[in-house]
Amino acid sequence: MRDAETGAALLAWYDRHARVLPWRVGPADRAAGKRPDPYRVWLSEVMLQQTTVAAVRSYFHRFTTLWPDVAALAAAPDAAVMEAWAGLGYYARARNLLACARAVAADHGGVFPATEAGLRALPGIGPYTAAAIAAIAQDEPAVVVDGNVERVVARLFAHPEPLPRAKPALTALAARLTPRHRPGDHAQAMMDLGATICTPRAPACGICPLAGFCAARVQGMAADLPRKSAKPAKPTRQGIAYVVRRADGAVLLETRPPKGLLGGMPGFPGTDWAEAPDPAPPIAAHWRPAPVGVRHTFTHFHLHLAVHLAKVGATAAPARGAFVPAADFRPAALPTLMRKVWDAAQVELDDAAQSDAAVPIARNP
DNA sequence: GATGCGTGGCT
DNA sequence: TAGCCAAGCAT
């Protein structure tokens with residue numbers, strides 16, 4: 001087979017074209033034997049789960065500035081970590097990140113486990129992330145399989161089986177290419193190739209270092225692989241978000257339940273999100289609808305929210321949530337949906353002030 | 001194995 | 001525009 005030859009061509013390409021990323025060790029340091037910091041590799045890999053490099057950069061910088069090592073992160077308050085994660089999405093990652101940091105600090109002497117199996121046992125570290133840390137930070141010949149690798153090997157071997165059923169077969173194919181020498185660079189090379197050349201649509205086969213090894217290219221079907229089984233359509237759900245300001249400027253917020261959608265994050269009280277939600281305002285007040293609502297799309301449904309506004313007196317007692325003093329309220333600490341709600345609440349009747357996130361209620365069916 | 005879980009960019 | 005997609009994990 002030409003597996004070894006393929007791997008060599010990939011590493012040769014990587015040595016010339018590796019992307020410069022804040023969590024990577026540069027070529028000179030790598031040649032000098034320097035390994036990347038497992039903490040930074042772990043943090044970046046968790047942030048990169050289902051998330052683009054462009055979105056991760058500023059968050060990675062903020063986290064490593066606030067918490068330069070795993071001990072510092074383990075000692076951070078929950079709310080500070082959730083706030084720093086606000087806007088990045090998939091908030092279970094932030095909860096597991098903190099749980100993992102505390103487990104490493106408490107149970108492993110502040111040092112990440114040296115093996116893939118040890119890493120895999122930590123919260124928020126699944127098969128991909130364990131393999132990535134083991135390969136990149138610890139030079140273990142772990143088989144790293146993410147969406148990029150699946151796509152690259154599906155094309156290299158012209159594997160026609162649709163995902164997710166093809167996952168085990170693609171993992172076996174990826175294992176054939178994984179070298180014992182420089183497995184971390186190999187893994188990063190596969191992912192760089194998938195992100196920049198072997199892209200989902202319109203792959204740049206003309207400049208691909210593996211073009212001569214690619215079965216799909218020979219068959220003219222690279223752009224059609226990997227096949228994917230059809231996904232169900234997203235339903236649309238409705239709801240009302242309630243924005244209450246007290247006379248002193250305090251804002252009524254509640255912390256969402258620790259699990260589930262936007263779990264553990266702050267937000268405005270509201271109805272449930274359903275086809276026919278049950279209106280239950282969190283406080284007695286004179287409510288008026290904001291002139292614009294909010295549209296937001298989650299992974300598995302579209303959401304249209306009406307925004308209802310009220311001002312209340314200094315002694316008003318809410319049935320849900322708690323008033324946050326104006327000085328402590330930061331919209332940036334909210335998940336994006338709730339930031340859109342806040343933006344909509346600011347629009348009042350001034351059309352010129354409408355943000356991109358706010359749309360006229362009339363457009364919400 | 002299927003489902004739930006965010007967000008922003010791209011076509 | 002509406003859908004697709006991105007360095008997945010937990011249950």
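In what follows, chains carry the letters A, B, and so on, assigned in the order in which the sequence lines appear, proteins first and then strands, with residues in each chain numbered from 1. Keep in mind that this is a model prediction, so the values were computed, not measured.
- With a 4.5 Å cut-off on side-chain heavy atoms, Trp67(A) and Val81(A) count as touching.
- Nucleic acid contact class of Leu193(A) (heavy atoms, under 4.0 Å, all strands): none.
- Residue Arg151(A) places at least one side-chain N or O closer than 4.0 Å to OP1 or OP2 of dA6(C).
- Here Gln50(A) does not reach the OP1 or OP2 of dA6(C): none of its side-chain N or O atoms lies under 4.0 Å away.
- Heavy-atom distances to DNA chain C give each of Gly147(A) and Lys259(A) a nearest nucleotide, and the one nearer the 5′ end belongs to Gly147(A).
- Side-chain contact between Leu173(A) and Glu150(A) is absent, with no heavy atoms from C-beta onward closer than 4.5 Å.
- Between Thr199(A) and Ala130(A), the one whose closest nucleotide on DNA chain C sits nearer the 5' end is Thr199(A).
- Residue order along DNA chain B, read from the 5' end via each residue's closest nucleotide, puts Leu262(A) first among Ala54(A) and Leu262(A).
- Per the geometry, NE2 belonging to His302(A) stands 14 Å off P belonging to dT1(C), to the nearest Å.
- Atom CD1 in Ile133(A) sits roughly 13 Å away from atom C1' in dC9(C) (whole-Å rounding).
- Using a 4.0 Å heavy-atom cutoff across all strands shown, Thr336(A) reaches sugar-phosphate atoms only and no base atom.
- Every salt bridge (charged side-chain N to carboxylate O under 4.0 Å, His left out) that Arg330(A) has, sequence neighbours left out, goes to Glu83(A).
- Within 4.0 Å (heavy atoms only), Arg24(A) reaches at least one base atom of the nucleic acid.
- Across all strands, Lys167(A) comes closer than 4.0 Å to no nucleic acid atom at all (heavy-atom distances).
- For Thr52(A), no side-chain nitrogen or oxygen approaches OP1 or OP2 of dC5(C) to under 4.0 Å.
- Annotation: ring-ring contact (aromatic ring centres under 6.0 Å, His included) contacts involving residues 114-133 of chain A, sequence neighbours excluded, are absent.
- Remark: nothing in residues 112-122 of chain A comes within less than 4.0 Å of DNA chain B through any heavy atom.
- Map His300(A) and Ala55(A) each onto its nearest nucleotide of DNA chain B; the residue landing nearer the 5' end is His300(A).
- Residues in residues 275-290 of chain A take part in these salt bridge (Lys or Arg N to Asp or Glu O under 4.0 Å) pairs, two or more places apart or across chains: Arg288(A)-Glu348(A).
- Counting any heavy atom pair closer than 4.0 Å across all strands shown, Ser44(A) reaches no nucleic acid atom.
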Cut-off 3.5 Å, no hydrogens considered: what does the side-chain donor-acceptor table look like for residues 213-225 of chain A, sequence neighbours left out?
none

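- Boundaries of the chain A contact region on DNA chain B are dG4(B) to dG8(B), first to last in 5' to 3' order (nucleotide atom under 4.0 Å from a heavy atom).
- Between Phe301(A) and Phe298(A), some side-chain heavy-atom pair lies under the 4.5 Å cut-off.
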Please tabulate, one pair per line, all N/O donor-acceptor pairs under 3.5 Å involving side-chain atoms of residues 93-101 of chain A, not counting sequence neighbours.
| from | atom 1 | to | atom 2 | distance (Å) |
| --- | --- | --- | --- | --- |
| Arg93(A) | NE | Tyr90(A) | O | 3.4 |
| Arg93(A) | NH1 | Val46(A) | O | 3.1 |
| Arg93(A) | NH1 | Met47(A) | O | 2.8 |
| Arg93(A) | NH1 | Gln49(A) | O | 2.9 |
| Arg93(A) | NH1 | Thr51(A) | OG1 | 3.0 |
| Arg93(A) | NH2 | Thr51(A) | OG1 | 3.4 |
| Arg93(A) | NH2 | Leu88(A) | O | 3.3 |
| Arg93(A) | NH2 | Gly89(A) | O | 3.0 |
| Arg95(A) | NE | Pro258(A) | O | 3.0 |
| Arg95(A) | NH1 | Pro258(A) | O | 3.3 |
| Arg95(A) | NH1 | Gly263(A) | O | 2.8 |
| Arg95(A) | NH2 | Pro258(A) | O | 3.4 |
| Asn96(A) | ND2 | Ala92(A) | O | 3.2 |

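- Regarding Asn96(A), its CG atom lies at a distance of 12 Å from the C1' atom of dT11(C), rounded to whole Å.
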For residues 195-206 of chain A, run the donor-acceptor check on the side chains, cut-off 3.5 Å, and write out each pair with its distance to 0.1 Å, sequence neighbours left out.
| from | atom 1 | to | atom 2 | distance (Å) |
| --- | --- | --- | --- | --- |
| Thr196(A) | OG1 | Asp192(A) | O | 2.7 |
| Thr199(A) | OG1 | Arg201(A) | O | 3.1 |

* Under the side-chain hydrogen bond (donor to acceptor under 3.5 Å, both in side chains) rule, what do Lys340(A) and His296(A) come out as? Steps first, then yes or no, please. => CA-CA 9 Å; Lys340(A) 288 182 182 178; His296(A) 193 75; 3.0 Å; yes

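- Rounded to a whole Å, the NE2 atom of His304(A) is 12 Å from the C1' atom of dA2(C).
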Show every donor-acceptor pair shorter than 3.5 Å between a side-chain atom in residues 131-143 of chain A and any protein atom, with sequence neighbours excluded, or say none if there are none.
| from | atom 1 | to | atom 2 | distance (Å) |
| --- | --- | --- | --- | --- |
| Gln138(A) | NE2 | Pro113(A) | O | 3.0 |
| Glu140(A) | OE2 | Glu116(A) | N | 3.2 |

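- If you take atom P in dG8(B) and the same atom in dC9(C), they sit 22 Å apart, rounded to whole Å.
- Ser58(A) pairs by the side chain to side chain contact (heavy atoms under 4.5 Å, CB included) definition with Arg62(A), not counting sequence neighbours.
- One can place CG of Asp146(A) at 5 Å from P of dG8(C), the figure rounded to the nearest angstrom.
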Validation: residues 240-250 of chain A side-chain donor-acceptor distances under 3.5 Å, sequence neighbours left out:
| from | atom 1 | to | atom 2 | distance (Å) |
| --- | --- | --- | --- | --- |
| Arg245(A) | NE | Gly249(A) | O | 3.4 |
| Arg245(A) | NH2 | Gly249(A) | O | 2.6 |
| Arg246(A) | NE | Asp248(A) | OD1 | 3.1 |
| Arg246(A) | NE | Asp248(A) | OD2 | 3.4 |
| Arg246(A) | NH2 | Asp248(A) | OD2 | 2.8 |
| Asp248(A) | OD1 | Ala250(A) | N | 3.0 |

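- Within residues 78-88 of chain A, the residues having any heavy atom under 4.0 Å from DNA chain B are, by residue number, Gly87(A), Leu88(A).
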